[in-house]
Protein chains: 2
Amino acid sequence: MDETPTGAPGAETAANAPQKGTVTHRAIEQIKAMIAGGRLEPGQRLPTERDLAARLGISRSSMREAIRALTVLGVLEARHGSGIYVTQLEAGDLLETFGVVADLSRGPRLVELLEIRRVLESTATALAAARITDDQLSEVEKHLTAMNATDDPEEILAHDLAFHREIAAAAGNETMAAILEGLSSRTFRARVWRGYQEEGAFARTRREHAAIHRALAARDPEAARASAAAHVGEVEEWLRTQLRAVP
Amino acid sequence: MDETPTGAPGAETAANAPQKGTVTHRAIEQIKAMIAGGRLEPGQRLPTERDLAARLGISRSSMREAIRALTVLGVLEARHGSGIYVTQLEAGDLLETFGVVADLSRGPRLVELLEIRRVLESTATALAAARITDDQLSEVEKHLTAMNATDDPEEILAHDLAFHREIAAAAGNETMAAILEGLSSRTFRARVWRGYQEEGAFARTRREHAAIHRALAARDPEAARASAAAHVGEVEEWLRTQLRAVP
DNA sequence: TCGGTCGTAGTGGTCGGACCACATCGGTGG
DNA sequence: CCACCGATGTGGTCCGACCACTACGACCGA
């Protein structure tokens, strides 16, 4: 796959790629390649930092930077005193960084993100309407009633998040659920939500949630898609006018 | 705002976390917070590694790991000999890592990713049908004809990618375009595409591309959405049967 | 004066070593 | 048999040195 058996008695394995970018970048690519190539399975333990560094012929410092980067990306997981492991490479592991995108985006980007969320959320809700089990539905209802039973913004937000999370989970596409999770991350949600709810949108939000739940209970994908799209669309439109007013 | 007059373990220093996780993790959060809080603008130059390390009271090594991680995430950009800068925080900068997700996903995850691509691609194509300019349309046509004029798989793939890239760009949602870009990254596309095209799907692909182009030229969003969904759906369905056959 | 050249200071990139904090496992003694 | 404890190995942190590159200004020749 990547060997270059050209002479070179000294170096054997992995000693290819002349000198692209930084050595750390090279190390990152090597490890990613090992995983993509199946030489490292999810959950498997890697050699020690010192070993890895020696194998690629770089210092431990540089190797640590590479490992740290992959850790932040959700590809690796370092356990102090134990070792370095490949994550399960589940959607949740890898897409956690999606929240960073949402948190650092501003202005027009926020609207774009909401547009994407509208598309995905409506699709997920439609799928959920067709697949949701009774247990999952009752879980959704739990958060719905809890959300309507309090007026503590923090609590409302928490149940709101859980409400949509349950629906996304019921859609059966973990990757989609993970992305939606990122698009609803605490900070992102808080930034937009705060202003939105301050304008007395509680009642409207409540109606929209009720409509979504009704569609789910009726197992009506079309109604579910429409109500979810409208729900996100309301926030989206509000944000759009906000940006127009205060550019 | 947040001076740290050396030492003083008593802890004051506006806005600082006690001692969660690793110091590197703390540094990452601090820098992210600085950007999210507007204290660091896109394109702005950061203090030197040595300075930053001193300010947060950590070693340069740890600070370097933090910077490296943020660099890989597309938040920062290090220029050898010059300094460290905040990226423009455009969709492309931050979502580059999305390609990693696509490259490392396997099995059922691949289908999920294609499902997401189908949803987003069809939406983007529909939007493009309503907004595309004549110039952009001719650009799309260029890649379409070039794609049909050769039988070199590599070249076909390149023009295929460009074809969809142009359409995504015409949709006017940079973030969506960036995500789709990641979902069509070279390696991801190559892994799925290769097998798909080996089964003589060229003709079918050609027809589907023609249909998409026709819808765009007619400025017909509905037709565009349908043809794009069908296009991705074909690949998706093929992959689904593949996984069923060889689990 | 103008233009290019060359030093030099400052920056990120790399390295090696040292020590600390924690997890794990085996042996020990009850 | 179990609880304890120490040894060992691992990642986490720090330090100091040096290299490679960039930026900028002083210098020199035309």
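Letters go in sequence order (proteins before strands), and every chain restarts at 1. Just so you know, these numbers come straight off a predicted model, no measurement behind them.
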Reckon Ser62(A) has a side-chain N or O less than 4.0 Å from the OP1 or OP2 of dC15(C)? yes
Atom CD1 of Ile58(B) and atom C1' of dG16(D) are separated, to the nearest Å, by 17 Å
Between residues 63-76 of chain A and DNA chain D, which residues have a heavy-atom gap below 4.0 Å? Arg64(A), Arg68(A)
Taking CG from Leu46(B) and P from dG12(C), how many angstroms apart are they, rounded to a whole number? 9 Å
Please pick, from dT13(D), dG11(D), dC15(C), the nucleotide with the shortest atom-to-atom distance to any side-chain atom of Ser59(B). dT13(D)
Specify the separation, in whole Å, of atom NE2 of His25(B) and atom C1' of dT13(D). 17 Å
Glu49(B) atom CD is separated from dC14(D) atom P, nearest whole Å, by 15 Å
Smallest separation among heavy atoms of His25(A) and Arg68(B), with atom names: N-NH1, 4.5 Å
Can you pull every protein N or O that's under 3.5 Å from an N or O on nucleotides 6-9 of chain C?
none

Is there a donor-acceptor pair under 3.5 Å between the side chain of Arg191(B) and the backbone N or O of Arg106(B)? no
Once side-chain hydrogen bond (donor to acceptor under 3.5 Å, both in side chains) is applied, do any residues pair with Thr87(B), and if so which ones, sequence neighbours excluded? none
Can you tell me how far the CG atom of Leu52(A) sits from the OG atom of Ser62(A), to the nearest 0.5 Å? 13.0 Å
Without decimals, in angstroms, what is the distance between Ile84(B) CD1 and dG10(C) P? 17 Å
Report the residues that fulfil side-chain hydrogen bond (donor to acceptor under 3.5 Å, both in side chains) with Ser185(A), sequence neighbours left out, ordered by chain and then residue number. Asp103(A)
Using the side chain to side chain contact (heavy atoms under 4.5 Å, CB included) criterion, which residues pair with Glu139(B)? Sequence neighbours excluded. Lys142(B), His143(B), Glu166(B)
Of all residues at least two apart in sequence or in a different chain, which pass the ring pair (Phe, Tyr, Trp, His ring centres under 6.0 Å) check with Phe163(B)? His209(B)
Restricting to side chain to side chain contact (heavy atoms under 4.5 Å, CB included), what partner residues turn up for Val111(B), sequence neighbours left out? Glu236(B), Leu239(B), Arg240(B), Leu243(B)
Residues pairing under salt bridge (charged side-chain N to carboxylate O under 4.0 Å, His left out) where one sits in residues 75-87 of chain A, two or more places apart or in two chains, turn out to be Glu77(A)-Arg79(A)
Nearest non-hydrogen partners of Ser82(B) and Arg45(B), listed with the distance: O-NH2, 3.1 Å
Interface polar pairs with nucleotides 3-6 of chain D, N/O, under 3.5 angstrom:
none

If you look at every strand shown and take non-hydrogen atoms under 4.0 Å, does Ser61(B) touch a base, only sugar-phosphate, or nothing? base
Return a table of donor-acceptor pairs under 3.5 angstrom between the side chains of residues 92-101 of chain A and protein atoms on other chains or two or more places apart.
from     : atom 1 : to       : atom 2 : distance (Å)
Asp93(A) : OD2    : Leu89(A) : N      : 3.3
Asp93(A) : OD2    : Glu90(A) : N      : 3.1

What does the list of N/O pairs under 3.5 Å between the protein and nucleotides 18-23 of chain D look like, with a distance for each?
from    : atom 1 : to       : atom 2 : distance (Å)
dA20(D) : N3     : His80(B) : NE2    : 2.9

Please say whether more than 12 non-hydrogen atoms of neighbouring residues, nucleotides or ligands are located less than 6.0 Å from CZ in Arg194(A). no
Can you name the residues that form a side chain to side chain contact (heavy atoms under 4.5 Å, CB included) with Asp135(B), not counting sequence neighbours? Thr133(B)
